[in-house]
Structures are given as structure tokens and as C-alpha cells.
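Chain A is the first sequence line, chain B the second, and so forth, proteins listed ahead of strands; every chain is numbered from 1.
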Amino acid sequence: MFDKERQAIEAKIRTYCAQNEIPLGELKWVPIPFSGEWGFSTSFFQAAANEARTGKKIAVPQRAQEIAEQVRGPVSDLPGIRRVEAVKGYLNLYFDTAEYARRVADTVLEQGNRFGAGPAKGERVMVEYAQPNTHHSFHIGHARNAILGETLARIVQFAGFDTIRASYPGDMGLGVITVLWAYDKFYKDQQPQGIHERGQWLAKIYVEAIKLLEAKENETPEEKVQREVREAERREIYRKWDAGDPEVRNLWLETREWSLEELRDILCILDINIDVWFFESDVDGPSKAIVEELILRGIADDERPQGGAVIVKIDEKLGLTKEKYRTNVLLRSDGTSLYLTKDLALAKVKFEQYQVDRSIYVVDVRQSMHLQQAFAILKLWGFKQAEKCFHLGYGFVSLPEGAMSARRGRVVLFKDVADEAEQRALAAMGERTPEMPESERRIIAQQIGLGALKYALLSVDNNKDIVFNIDEALNFEGHTGPYIQNAHVRAASILRKSNVERQKSGAFDPSTPFVRRIASLMPRTTVARRPSRPGGPGLSARTGCETASSGQALRPVSFDYELTTHEVQLIDLISRFPAAVEQAANEYRPLVIANYAFDLANEFHSFYHAVPVLQAGSEDVKNARLQLVAAARQTLANALWLLGITDPEVM
RNA sequence: GCCCCUAUAGCUUAAUGGACAAAGCCGCGGCCUUCUAAGCCGUUGAUCCAGGUUCGAGUCCUGGUAGGGGCACCA
């Protein structure tokens, strides 16, 4: 936030060092890491080390301190800097808090829900996530994927990238056919009531079907015959599906829609709006076409004449002598395409039709080899975007009793956890807000419950596995989502009672013309209709830009009084938000924002406890603190938005 | 056999190569006639092992140990 000042200081340091023949090198600036201190800092170890390398006999730490002390002079008399100290090789510059605090507060309140957002980057990013299989259950592992992907999409969007959210459901293959077979055989024309009941029913049918199709231990000859008959029936359905048999296709489309209805509802609960839906079955055809192109270009080798498959010897084509990407199959010897083939075809669509510059894949870490292979082939193919393909892998979610297994039906369903979360939040609300109407109470409870769940999944670095413990995930105290939401509530409460006017948070709406006209770009894909909220518009606190306008606006204030440590630290943290956004976007790491949001909430809670606002000693101090609270509330709201967590006014 | 990921406090996790390794949970002790106690304050406690690079290593490199994942016609 204080780049201009920093640059001016750095220029002075450089001039001084040039005159005194100190080989400075690059200067790294960081916020002063001591709590209660506000300013920025740099060190001179590198410069001292550079000198040492020229042959001078010096001890680096001492020399660094000498340089810091020398440099201190030229920069000690700058406006806005209260104090400069040289200590242990570091140069610490402390802000004139009155001036800088006012600037931070003004900036936040002026920029509102855009505070922290980066300038337009002029690049288009597509984030692909939410790729569950249809005809299956949506479990907590899928939720990690969806939540991680959405948060990443929000981060890159907020950082200034033109962002497209893409979903790629697997709607074909043996698993899907297995469900069709069992449904057709045992449950034809039945269906339970309720979107989720119906979606989950398909997963139950799948588990039953697997039991019937798997060989048991000590299988009797009769059982074996029976099983083989079933297997033949399933193969026949697959053949019919592949041949486009109308009856099978209709059954497939109808049951697929049941899964998709449930998926859309879940995404709605998670506040996720997918821009583009790519179905695996849609890229199946095009994927076969690209195989010919890859053969013609000499990337793929056609071994079909020898009764083999079409393969890519990736290492060989890249000229690698050590095995790295190995060899992979593009087309089976029976002419059908594979997962890799489809991903290549889809990438081509992303690059050519959607003109994406960067392509992010939020996919289970177990597929990292597969994606590395795909990226390598895209590079061979000549797509310059291949360099900016990124696999955001994440560790899988298991249960305390072991891995989840869709085949065995041992899964924790997202919907069940979400419902449980709401119940627990409702219970935790208790008698806290007795006057709240029941309908609103339920909405808040859902927001708190989901806040806890989302934060639990986002506060672990993405490459780590998570053992999902529902009691830990739905904890509302300590390092949790509700803790952050509660800080927002407390800030909002103070502002409400102070009777000052403020902008309601309102949704950050960075949608570009491009995203809005996506619908016309790719006729083969289905474009999401915006799902409607089952609970009505009140469910999302961010769907409107209403302004709550009771009372007078915050007046320009002065922070020209003795600020407490808590106030200094709070302002310091607020001012770091834009840098956190930038870092998270550069590193594609939602965790950075999750950590930041907690730190800010933590600081706000401490401030709240220790520093009176409405009861402040003087009117001037009260007004300044109100500004600070308003700025903190806005920053908390923006950070929560990035995490996909609502910013309730009450809880 | 080869490749990738992980290893920090009793537990779950943080830490752009930089200053005293930071929190949460659990335990113990305080704080509701100040703005929401889903909170605040206090308290014990940690970098898997061995080398190396560097002025400086939890972080980078090499080799171990332990756990997880992956290696062409599954997705």
C-alpha cells in the first residue's frame, strides 16, 4: 500500500550506496515483524556479503549493521516516517501513524468491496473444478475440490484476471453404465421424491450393482454363471449406449439429469456459479478427431496396423533421455478414446474457442502424472499456453476409519454434513438472538455451518491430506470460519449502534463482458442457468448492493492521537490485504487468504476487547475508531468473500 | 525398479532463505452493570536423522528413515 514511499526511500539508499561504493544488490522490503510496530524494513546482509566476495576481509553481520547505520542518515528526515533505526543489520522505518492510519482507512472506505483487488491483468484464466461423476454421490472429497476451486477462482478474479469457471462432470464410462444396468433391471420407472434423495439413490444403486457384479469369495458355480449373465447384460447396455440406442440414451439422459439437478443444488448451497459446463460425453467425439491430427504432426505413433493402439512416446518426442513422462495411450486398439485424449481435446477447446491464457486444473493430486503428461503433449502440439497450465493438486479426504469408497458406499456425503452443520449452528445460536425470526435464524445457521465447513477445508494447505473428522470440521470456536464471521458481526454491531451510514458489503462483481457472452461461444456445451436459491434471496448476503442508510455518513477524521498498540496492529494488518491477495493469486494458494482472514479477525477481536469505540474518551477519538472499525469490517468482508464465506450482520 | 508428495508442540496446522519458529485444539487459571463470551487475557510445550550450500536453513541440495500417492489401452 505504501509503494511510493518505499520507492522514494529505496532511491535515496541507492544513491547513497552508489556514492560510497557499497554493492547493494536487490533490496527486499517486508513489514516490520514485531507486534505493535508499524512500518517497513529491509536488511543489508546481501550488500555486506557482496563486499565480502570482492576479497575484503569482513564479518558480514557486523558490516551489514554498519551499512544500516550509515544509510540511516540520508533517510531519517522523510515526511511520513516518524523514526528510523538500524538494528542487527536491518533498517527499520516506522510510520507516522496519524498520517498513515488515515490513509489506510480512507483507502478502504473509498474502495469498498474492491479494496484489495488488483488492476486488470489483461489475461484470461479458466479454472476447472467441480468435476464429479454423474450417477454417483457428491461426498466431502468433492466438496474440497469445489470449495478450493471456487476460492481460487475468486482470488484470481479479484486479483484482476478475466476469470472463467468451468465444470467437467464425468457423465460416461463403465461406472455410469453400471448404474443404468441396475436401474433398468431392478428399479425401472421408479424414483424417490426430493432432489438429493434422488441423486443419492443412484449412488446406492451403484453400490448394490457392484455387489452383484463382483466375484464373491467361495463363489459357487451357479453364482458364477449368474454373475456372468449380469456382466453380459451390462456389456450389452454399454454397447447400446455407444451405438446411440434411443432407449438407453434416453434413460442415460434422464438419470444424468437427476445427478445434475442435485449437483446444481449443491453448487448453489456452496454459492458457486459455474460459467461453462463441459461434459465428458461432449468431448468424446472431438477427442477421436484430434488423434488423427497428432499422428499427422508426428507426435503420436499409430500402432494400429500392428494390432496395437495409438500412443505418444512423450519422453522420446521431448528428447529426454531419462524417463519422466513415459508413454501414454491416446486411442485404444478398439478405437475408443481415453481420459487423456479427452483432456487434450478439451484443452484445445479452452485455448482456441475460449482463448484462455492460463488454464488451472483443480484435480486430485493422484492425477498429477496424468496432467503432467497432458501438459507435455500440449507443449509438443505447439500451444504456447501449455506453459501456463497449472495443476492445483490437493490431497484426498479420508475418514478416521479409512479411505472413502464409492464402491463400498463408505462415504460422507456433503449434503449430510451441510445439514448437520446447520443443526449444530442453530443449537449454538441458542438464546443469543431471541428476537430473531425463525426463517432468518435458519439462514444464519446455514451460513455459519457452511462457514465452519469451508474454512476447515481451506485452512489446510492444498497438497496435504485431510482426515475428515466432523466434530473438528464443525467446530465454531478458535481457528474457524465462525470465528472470522463473528469478528465481522461484532464490527457490524458497533457500526449499527453508532448510527453511521455505510455501504452494505454487496457482491464484488468483476464479471466481464466476455464471461457474460460465453453462452454463444460453444454450442456443444451446456451453459449453466443461474440456480435459484431454495431458501429465497436472503440466503446470500451478497446478492445485492443495497445501501443501509440510517444516520449520518462517517466524517473525515484524524488519527492524530495516541494510538493504542491494538489500533496500530489492526491498521497494519488491514493495509497488508492487497499484498495477500496478490500473493495468493501468484502462488495459486487459497491458504494465504485463509490465514490472512484469521489473522485479521484475531486482531480485531483483541482490539474489540481492549479498545472502547462507542465509549471512547472524546468525540474525535470515537470517530477515528469508528472509521477503523468500518475499514476492518470491509476488509473482513472482502477476505470472507474470497473464501466463499458469508459476512453476516448478526449471529 | 522409477517418479511425485509429506514429516514442526500431546493432537490439527502456520511460517516470500532473514530478527525471539506462529496459532488453534486439549489441559490449567482468570475476565460478561463497555460496543454479541462463537470472544479476550495468562500458562507448559516443537523443526525426523546425517551431511552439504549460504553471512544466514524449518525452508535450498545430496543421502537415509517413516507415511501417502502414481507409473501406456481405468477415470
S.K.: Consider the side chain of A:Arg53, meaning its heavy atoms from C-beta on, and name the nucleotide among B:C55, B:A75, B:C35 that approaches it most closely.
M.R.: B:C55
S.K.: From the list B:C5, B:C71, B:G39, which nucleotide is the closest neighbour of the side chain of A:Asn463?
M.R.: B:C5
S.K.: So that I can tick it off, tell me whether A:Glu292 and A:Arg304 are bridged by a salt bridge, with the cut-off set at under 4.0 angstrom between side-chain N and carboxylate O.
M.R.: yes
S.K.: Suppose you measure atom P in B:A15 against the same atom in B:C60; what distance do you get, rounded to whole Å?
M.R.: 12 Å
S.K.: Go through B:C35, B:G39, B:C55 for me and flag the one nearest to the A:His605 side chain.
M.R.: B:G39
S.K.: Please pick, from B:C35, B:C55, B:A15, the nucleotide with the shortest atom-to-atom distance to any side-chain atom of A:Arg589.
M.R.: B:A15
S.K.: Without decimals, in angstroms, what is the distance between A:Phe604 CZ and B:A37 P?
M.R.: 11 Å
S.K.: Pick base, sugar-phosphate or nothing for A:Ile448, based on heavy-atom distances below 4.0 Å to the nucleic acid.
M.R.: base
S.K.: Let me spell it out: for each of A:Ile466 and A:Thr42, pick the nucleotide of RNA chain B with the closest heavy atom. Which residue's pick is nearer the 5' end?
M.R.: A:Ile466
S.K.: Would you mind telling me which of A:Tyr455, A:Phe598, A:Phe604 makes a ring pair (Phe, Tyr, Trp, His ring centres under 6.0 Å) with A:Tyr483?
M.R.: A:Phe598
S.K.: What's the closest nucleotide to the side chain of A:Arg366 if the choices are B:G69, B:A75, B:C40?
M.R.: B:G69
S.K.: Going by heavy atoms in the side chains, are A:Leu330 and A:Leu344 under 4.5 Å from each other?
M.R.: yes
S.K.: Name the closest nucleotide to the A:Val460 side chain, picking from B:G39, B:U34, B:A14.
M.R.: B:A14
S.K.: Using the P atom as the point on both nucleotides, what is the distance between B:C2 and B:G63, in whole Å?
M.R.: 11 Å
S.K.: On RNA chain B, check which nucleotide each of A:Ile32 and A:Leu331 is closest to and give me the residue with the more 5' one.
M.R.: A:Ile32
S.K.: Is there a donor on the side chain of A:Arg496 or the base of B:C35 sitting less than 3.5 Å from an acceptor on the other?
M.R.: no
S.K.: As a test of the definition: with a 90° window around 0 for syn, would you call B:C32 syn or anti?
M.R.: syn
S.K.: How many Å lie between CE on A:Met429 and C1' on B:G39, as a whole number?
M.R.: 16 Å
S.K.: Determine the Euclidean distance between corresponding C1' atoms of B:C55 and B:A9; express it in Å to zero decimal places.
M.R.: 30 Å
S.K.: Under a 3.5 Å threshold, yes or no: a donor from one side chain and an acceptor from the other, between A:Thr480 and A:Asn475?
M.R.: no
S.K.: Can a salt bridge be assigned to the pair A:Arg235 and A:Asp242 using a cut-off of 4.0 Å between side-chain N and carboxylate O?
M.R.: no
S.K.: NA contact type, A:Ser41, heavy-atom cut-off 4.0 Å: base, sugar-phosphate, or nothing?
M.R.: base
S.K.: What integer number of Å spans the C1' atoms of B:U33 and B:G42?
M.R.: 25 Å
S.K.: Could you please name the option among B:A14, B:C20, B:G39 that lies closest to any side-chain atom of A:Phe34?
M.R.: B:C20
S.K.: State whether the number of non-hydrogen atoms from other residues, nucleotides or ligands found under 6.0 Å of A:Arg408 atom CZ is greater than 12.
M.R.: no
S.K.: Would you state whether a donor and an acceptor, one from the side chain of A:Glu472 and one from the base of B:C25, lie under 3.5 Å apart?
M.R.: no
S.K.: Between B:C20 and B:G58, how many Å separate the two C1' atoms, rounded to a whole number?
M.R.: 15 Å
S.K.: Does a donor on one side chain sit under 3.5 Å from an acceptor on the other, for A:Gln65 and A:Glu69?
M.R.: yes
S.K.: Side-chain donor-acceptor pair under 3.5 Å between A:Tyr361 and A:Gln367, yes or no?
M.R.: no
S.K.: For RNA chain B, what is the dot-bracket line, given that a base pair needs Watson-Crick (N1 to N3, plus N6-O4 or O6-N4) or G-U wobble (N1-O2 and O6-N3) geometry with both distances under 3.5 Å, and | means paired with another strand?
M.R.: (((((((..((((....[...)))).(((((.......)))))....(((((..]....))))))))))))....
S.K.: Can A:Tyr90 be called stacked on B:A19 when the rule is centres closer than 5.5 Å and an angle between planes below 30°?
M.R.: yes
S.K.: Looking for any heavy atom pair under 4.0 Å, which part of the strands does A:Val30 touch: base, sugar-phosphate only, or nothing?
M.R.: base
S.K.: Answer yes or no for this row: A:Phe396 ring on B:G69 base, centroids under 5.5 Å, planes under 30°.
M.R.: no
S.K.: Please determine whether a side-chain nitrogen or oxygen atom of A:Asn602 lies at a distance below 4.0 Å from atom OP1 or OP2 of B:C40.
M.R.: yes
S.K.: Nearest to the side chain of A:Lys28, which nucleotide is it out of B:G39, B:C55, B:G18?
M.R.: B:G18
S.K.: Could you tell me how far B:A75 sits from B:C71 if I compare only their C1' atoms? Round to whole Å.
M.R.: 15 Å
S.K.: What about A:Ser43, does its side chain sit under 3.5 Å from the base of B:A19 through a donor-acceptor pair?
M.R.: no
S.K.: I'd like the P distance from B:G18 over to B:A22, given in whole Å.
M.R.: 15 Å
S.K.: With respect to the side chain of A:Asn133, which nucleotide from B:G24, B:A75, B:A37 is positioned closest?
M.R.: B:A75
S.K.: Main chain of A:Tyr325, side chain of A:Asp315: is a donor-acceptor contact present, judged purely on distance under 3.5 Å?
M.R.: yes
S.K.: So if I take every side-chain heavy atom of A:Arg326 and compare against B:U16, B:A15, B:C2, which nucleotide ends up nearest?
M.R.: B:C2
